[in-house]
Amino acid sequence: MKKTVILGALTVAGLAAGAASAATVDDVKARGKLNCGVTTGLVGFAAPNANGEWEGFDVGVCRAVAAAVLGDPTAVEFVPTTGKTRFTALASGEIDLLARNTTWTFSRDVDLKFEFVGVNYYDGQGFMVPKELGVSSAKELDGATVCIQTGTTTELNLADFFRANNISYEPVPIETNAEAQQQYLAGACDVYTTDASGLAATRASFEDPTAHVVLPEIISKEPLGPLVRHGDNDWGDIARWTLNALIAAEEYGITSANIAELSAAPTNNPEINRILGTEGNLGEMLGLDAEWAKRAIMAGGNYGELFEKNIGENTPIGLARGLNAQWTDGGLLYTPPFR
């Protein structure tokens, strides 16, 4: 039944996507503001702080795109979306860009008519349980009640995993991470399953994080990244190369601390010069000025700076770089050349 509901939502989103305007970059410039779809609240990735200002790793992508296009990283309207509402919000034009722990899949790319512009976090689905449950493996969860966000790949992966291991579970459907946290802590479910990064962020917000265990199994590939509508190629190029600029900046040692110095005059590294606009005409190719990438990097720092500030090992989230390290450090981050 759940799968039918999800596919129905995909079809509606796909139809709406076909009708959406392809001139998003013009709309954003005319509006003077980027409408960016984010999660309803996941600390470290996207959540309002005590002053009501949105911050986090995914928020950093939104601000970088706004800086590149509008020259102002604060020119963003953050639109909270759930697993169910996010695709309709993008397809209908309510948001210009979706940047909220969304997995790149075949059907979302092809059937929904969306275009993923890259991966900003390589993840996988995991399980969290109270330590007092005494469970050390997800394969010991036969008969468990599981809190699961509806309308997600998580829901489908869960069914696949339990079926493959010939064990059963009882789903406890939830809409948002906040609802999942509330239900899980109240004992309405034995297990909470979502992307491992989401589990780390949720666990860090608990009064006693040590009372909860993330089990060792990672049961899926979840390449998370920002997306735009199909057919919106100019806008997709801007979003894609803004993300690439943040990743490349880390690789080439361009940081928020030295970017002013590096961009004051051409360096002896042509790739750095092209990224920062002191050489070549990459900005012109995008319909932007020469300093688009410089502004994007200055908005919150390079990829590594965004990671360490929001979700890294020295934050309460405590995530190691792992697969999200640069290719030069054994990770998967690797951008095409800026030339």
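Start at 1 with the first residue, then count along the sequence. Quick caveat, the model's predicted, so the values are computed rather than measured.
Between Leu282 and Met285, the closest side-chain pair of non-hydrogen atoms falls below 4.5 Å. Contact of the Trp54 side chain with the Pro80 side chain is registered, since non-hydrogen atoms from C-beta on lie closer than 4.5 Å. When side chains are defined from C-beta on, Asp195 counts as touching Leu224, because their heavy atoms get closer than 4.5 Å. A 4.5 Å side-chain heavy-atom check between Asn157 and Lys221 finds every atom pair outside the cut-off. When side chains are defined from C-beta on, Arg321 does not count as touching Asp329, because their heavy atoms never get closer than 4.5 Å. Taking the side chain as every heavy atom from C-beta outward, Arg86 and Thr152 approach each other to under 4.5 Å.
Between Glu305 and Thr255, the side chains place no donor N or O within less than 3.5 Å of an acceptor N or O (distance only, hydrogens not considered). Thr335 and Glu251 are not linked by any side-chain donor-acceptor pair at a separation below 3.5 angstrom, with hydrogens and angles left out of the test. Ser137 and Glu217 are linked by a side-chain donor-acceptor pair at a separation below 3.5 angstrom, with hydrogens and angles left out of the test. His212 and Tyr192 share no donor-acceptor pair across their side chains, judged by distance under 3.5 Å alone.
Here the side chain of Arg100 pairs no donor or acceptor atom with the backbone of Gly37 at under 3.5 angstrom. Looking at Asn310, its side chain never comes within 3.5 Å of a backbone N or O of Phe45 through a donor-acceptor pair. Under a 3.5 Å cut-off, the side chain of Asn35 and the backbone N or O of Asp96 do not form any donor-acceptor pair. Of the possible polar contacts, one joining the Asp289 side chain to the Glu291 backbone as a donor-acceptor pair under 3.5 Å is found. Between the Asp123 side chain and the Pro223 main chain, no donor and acceptor come within less than 3.5 Å of each other. Panel note: side chain Arg63, backbone Ala299; no donor-acceptor pair is recorded below 3.5 Å. Between the side chain of Ser220 and the backbone N or O of Glu222, no donor-acceptor pair lies under 3.5 Å. A distance-only check finds a donor-acceptor pair linking the side chain of Thr145 to the backbone of Asp190 [under 3.5 Å]. A donor-acceptor pair is defined here as one N or O able to donate and one able to accept, closer than 3.5 Å; such a pair exists between the side chain of Asn302 and the backbone of Ile254.
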Decide yes or no on ring pair (Phe, Tyr, Trp, His ring centres under 6.0 Å) for Tyr121 and Tyr303, but give the supporting numbers first.
CA-CA 10 Å; Tyr121 194 91; Tyr303 179 95; 8.4 Å; no
May I have the step-by-step check of side-chain hydrogen bond (donor to acceptor under 3.5 Å, both in side chains) for Asp58 and Asn101, ending in yes or no?
CA-CA 8 Å; Asp58 288 331; Asn101 53 330; 5.9 Å; no
Is there a side-chain hydrogen bond (donor to acceptor under 3.5 Å, both in side chains) between Thr193 and Gln125 once you walk through the steps?
CA-CA 7 Å; Thr193 183; Gln125 184 174 333; 2.9 Å; yes
Could you check Ser92 against Glu94 for side-chain hydrogen bond (donor to acceptor under 3.5 Å, both in side chains), going step by step and ending with a plain yes or no?
CA-CA 6 Å; Ser92 67; Glu94 180 186 353; 4.6 Å; no
Give the intermediate values and the outcome of ring pair (Phe, Tyr, Trp, His ring centres under 6.0 Å) for residues Phe338 and Tyr252.
CA-CA 12 Å; Phe338 280 76; Tyr252 292 110; 8.2 Å; no
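Both tests do not hold together for Arg108 against Phe116: distance to the six-membered ring centre under 6.0 Å, angle to the ring axis within 45°.
Here Leu276 contributes atom CG and Leu262 contributes atom CG; the two are 6.5 Å apart, rounded to the nearest 0.5 Å. Atom-to-atom distance recorded for Gln183:CD and Ile174:CD1 is 8.5 Å, nearest 0.5 angstrom. To the nearest 0.5 angstrom, Ile95 atom CD1 is 7.0 Å from Cys36 atom SG. Separating the CG atom in Leu158 from the CD atom in Glu155 is a distance of 8.5 Å, to the nearest 0.5 Å. Between the NZ atom of Lys139 and the CD1 atom of Ile167 there is a distance of 9.0 Å, given to the nearest 0.5 Å.
Open room surrounds CG on Asn166; 12 or fewer heavy atoms of other groups in view lie less than 6.0 Å from it.
Of the listed residues (Val172, Thr194, Val191), just one forms a side-chain contact (heavy atoms from CB on, under 4.5 Å) with Cys147, and that residue is Val172. Just one residue in the list Thr102, Leu243, Leu98 forms a side-chain contact (heavy atoms from CB on, under 4.5 Å) with Pro226, and that residue is Leu243.
In the hydrophobic clustering of ILVMFWY residues, with side-chain heavy atoms under 4.5 Å counting as a link, Val61 and Ile259 come out apart.
Contact detail for Pro270 and Glu279: the closest heavy-atom pair is CB-OE2, 3.9 Å.
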